[in-house]
Participant: 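I have a structure I would like to understand better, so I am pasting it below and will then ask my questions one at a time.
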Amino acid sequence: MFQLLVTLLIYLLLVIPVGSYMYRILTDKPTFGSTFFDKVDGFIYSVCGVNPQQGMTWKQYAIALVVTNGVMLVLTYLVLRLQNLLCFNPNGIGSMEPTLSFNTVISFMTNTNLQHYSGESGLSYLSQMIVITFMMFVSAASGYAACAAFIRGISGYAKEHVGNFFKDLVAITTRMLIPFSIVGGLILIWQGVPQNLDSNFVVTTLEGTRQIIANGPVASLEIIKHLGTNGGGYLGANSSTPIENPTILTNLVEMYSMMLMPGACVIAFGKMVQEVRNRRQQNRSLREKEEGSWTAKFFGREGRSVFMAMGLLFLFSLGLCFWAESQGNPVLAEAGLSQSMGSMEGKEVRFGIAQSALFTTVTTSFTTGTVNNMHDTLTPLGGMVPLLNMMLNVIFGGKGVGLMNMLMYAILAVFICGLMIGRTPEYLGKKIEGREMKLTAICIIIHPLIILGFSALAIATEAGLAGITNEGFHGLSQVLYEYASSSANNGSGFEGLADNSYFWNITTGLAMFFGRFLSIVIQLAIVGSLMKKSFVNESVGTLQTHTASFAVIMVFVVYIFAALTFFPALALGPIAEHLVLWQ
């Protein structure tokens, strides 16, 4: 428990300066190295023919995002289909099957990184670099760009347009993703993660058998896999293998990498809202009073309440997962296997229960999908934690998703509270009316509809049932996990599922596509509607949304909605499995 506490405290020390740095990037304020990065960005704009000063409406922004990602989808699909004819293929790997290629390019374009293949045997080095690593950069930057536009719109920072998609895409890539990746990648190489273009080699093990050891550009993929909250592993076993994650230091670097930018989005949001409020606030002494506390100074008042709500959800998930795994497995105990260390099935001894539970909670809270232990072997309640985190999809989230989704619940919360006190709901100085609530309701409902709808289809058809390798409760948990991971753009899985088939490749591909782009487009439409409205003055009846009490309200709204939508499915899956296991 002490190492968990220290790990999280170090995270807070790291995320605050990164959040301030992101805020300055999104608001075009000078930062460290601005002169150099301005020249780099300017060269990219001139080559691509982009005018970075040309603002976009929310519709233009959404179209630019979808079309740009669509072009990349076609190009990367061709690379996978033709990889046997292309260069950098020393292991002689053949072309990828059509539906698997479809699933893979959708997966990496949507920042999901769901893998129905094993990287070491299914991809050439060219595919690992051009398709996988490249898409990890671009899909992450696309998500953060959408989050930047969303923050500008909902905070009132922008009045006529939400920014320029291509400018945001380039700035996030050149000023955050690439520099951070270089530093983190060098640390991974120092700790022993391979980075080369050599072919695989064969060694003789201590038992006298022969084993193939994977090689290739692993470190460069690993760092952007975490920093961009992607999650797709170079190897099928992902970050549980020492090739991808050899030491406790690499484990911490990979964890902090996937936690940094999602948390920074919340801080950037809080600071941008505070800047807008300061512009409107004529009373200088009142402004100074509002910024008086250290939390308001570092997070912004509104960012503080959102960060607090996400933090409470995260700590509850971490506590439940750590406790469940610490209890061990009663079936193994009855078989005579000691459970004094907890349930170590599917876990690396070098990480133990604490770091395995923390990594599991982080990777599904920050919607990354990387794993340092096998989630399919978690205890029922321990496995329910990552499943529920993806169903909620608001606990920080990757590439800005958690912030955007949490603010949907903030709008819902002020609407409910406004009805209770008989006032027109307001959020960040703008009235929440019928159009915004309809769009918010649709946005919130899409996620459970995708998960439960496709899960129902899977257990009602022969093609879906053919992939379920476990009977009973755990089999249903596998199905729910697969579609929750797809819709939340997470990518991890209960890997007992036989998912490389026409049915699973196509349905999860559709779940990933709709889970990613429907939500983004609707959320941009909401801020487009709010931007047109004038600010309203606060009064004694205005609901204060920057307080700890509002953070608790958001937590309750999130859990109530989850209970109403997902509890029946969870009761038939992990909860029933837990009751049977511990009867």
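Computed over heavy atoms, backbone and side chain alike; hydrogens, waters and symmetry mates excluded. Sequential numbering from 1 along the given sequence is applied to the chain's residues.
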Participant: Does the Asn89 side chain pair with the main chain of Leu126, one donor and one acceptor, at a distance under 3.5 Å?
Facilitator: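 Flag not set: sc Asn89 to bb Leu126 has no pair under 3.5 Å.
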
Participant: Quick one: CZ on Phe165 to OH on Tyr61, what's the gap to the nearest 0.5 Å?
Facilitator: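 Phe165 atom CZ to Tyr61 atom OH measures 6.5 Å (nearest 0.5 Å).
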
Participant: Do any pairs count as a salt bridge (Lys or Arg N to Asp or Glu O under 4.0 Å) and have a residue in residues 87-103, sequence neighbours left out, and if so which ones?
Facilitator: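 Output for this query is empty, none listed.
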
Participant: Take the angle between the ring planes of Tyr11 and Phe307 and call it parallel below 30°, perpendicular above 60°, tilted in between.
Facilitator: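 Tyr11 and Phe307: parallel rings.
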
Participant: Centroid-to-centroid, Tyr483 to Trp504, below 6.0 Å?
Facilitator: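 Distance test on ring centres: under 6.0 Å, yes.
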
Participant: For Asp41, is there an ion pair with Lys167 - N to carboxylate O distance below 4.0 angstrom?
Facilitator: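 Here Lys167 does not pair with Asp41 in a salt bridge, since their nearest N and O are not under 4.0 Å apart.
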
Participant: Under a 3.5 Å distance rule, please check whether Arg81 uses its side chain to pair with a backbone N or O of Met96 as donor and acceptor.
Facilitator: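 Present.
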
Participant: Any donor-acceptor pair under 3.5 Å linking the side-chain atoms of Gln83 with those of Ser127?
Facilitator: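 On atom types as modelled, these side chains qualify, holding a pair under 3.5 Å.
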
Participant: Between the side chains of Asn245 and Ser239, does any donor sit under 3.5 Å from an acceptor?
Facilitator: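 Per modelled atom types, Asn245 and Ser239 side chains form no pair under 3.5 Å.
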
Participant: Using modelled atom types and a 3.5 Å cut-off, is there a donor and acceptor pairing between side-chain atoms of Ser240 and backbone atoms of Ala237?
Facilitator: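 It does hold such a pair.
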
Participant: Thr68 side chain to Ala64 main-chain N or O, any donor-acceptor pair under 3.5 Å?
Facilitator: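 Yes: the side chain of Thr68 pairs with the backbone of Ala64.
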
Participant: Could you walk me through whether Val105 and Met135 pass the side chain to side chain contact (heavy atoms under 4.5 Å, CB included) test, one step at a time?
Facilitator: CA-CA 9 Å; Val105 295; Met135 290 295 281; over 6 Å; no

Participant: For the side chain of Asn251 and the backbone of Thr247, is there at least one donor-acceptor N/O pair under 3.5 Å apart?
Facilitator: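 Judged by distance alone, no pair lies under 3.5 Å.
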
Participant: Any salt bridge between Glu244 and Lys225, counting N to O under 4.0 Å?
Facilitator: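 So Glu244 pairs with Lys225 through a salt bridge.
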
Participant: Would you say His375's side chain and Gly383's backbone share a donor-acceptor pair under 3.5 angstrom?
Facilitator: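 No, the answer is negative, given that no donor and acceptor are paired below the 3.5 Å cut-off.
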
Participant: Is a donor from one side chain sitting under 3.5 angstrom from an acceptor on the other, for Gln128 and Thr133?
Facilitator: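 No donor-acceptor contact under 3.5 Å links the two side chains.
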
Participant: Of Thr361, Thr367, Thr364, which is the lone residue that meets side chain to side chain donor-acceptor pair (under 3.5 Å) with Asn389?
Facilitator: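 Going through the options one by one, the only one that passes is Thr364.
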
Participant: Are Gln195 and Ser220 close enough that a side-chain donor and a side-chain acceptor fall under 3.5 Å?
Facilitator: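 There is such a pair between these side chains.
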
Participant: Is there a donor-acceptor contact under 3.5 Å linking the side chains of Ser142 and Ser139?
Facilitator: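 No donor-acceptor contact under 3.5 Å links the two side chains.
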
Participant: Are the aromatic rings of His474 and Phe494 close, with centres under 6.0 Å apart?
Facilitator: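 Yes; Phe494 has its ring centre under 6.0 Å from that of His474.
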
Participant: Just checking, any donor-acceptor pair under 3.5 angstrom between side chains of His226 and Thr370?
Facilitator: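 Yes - a donor-acceptor pair under 3.5 Å links their side chains.
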
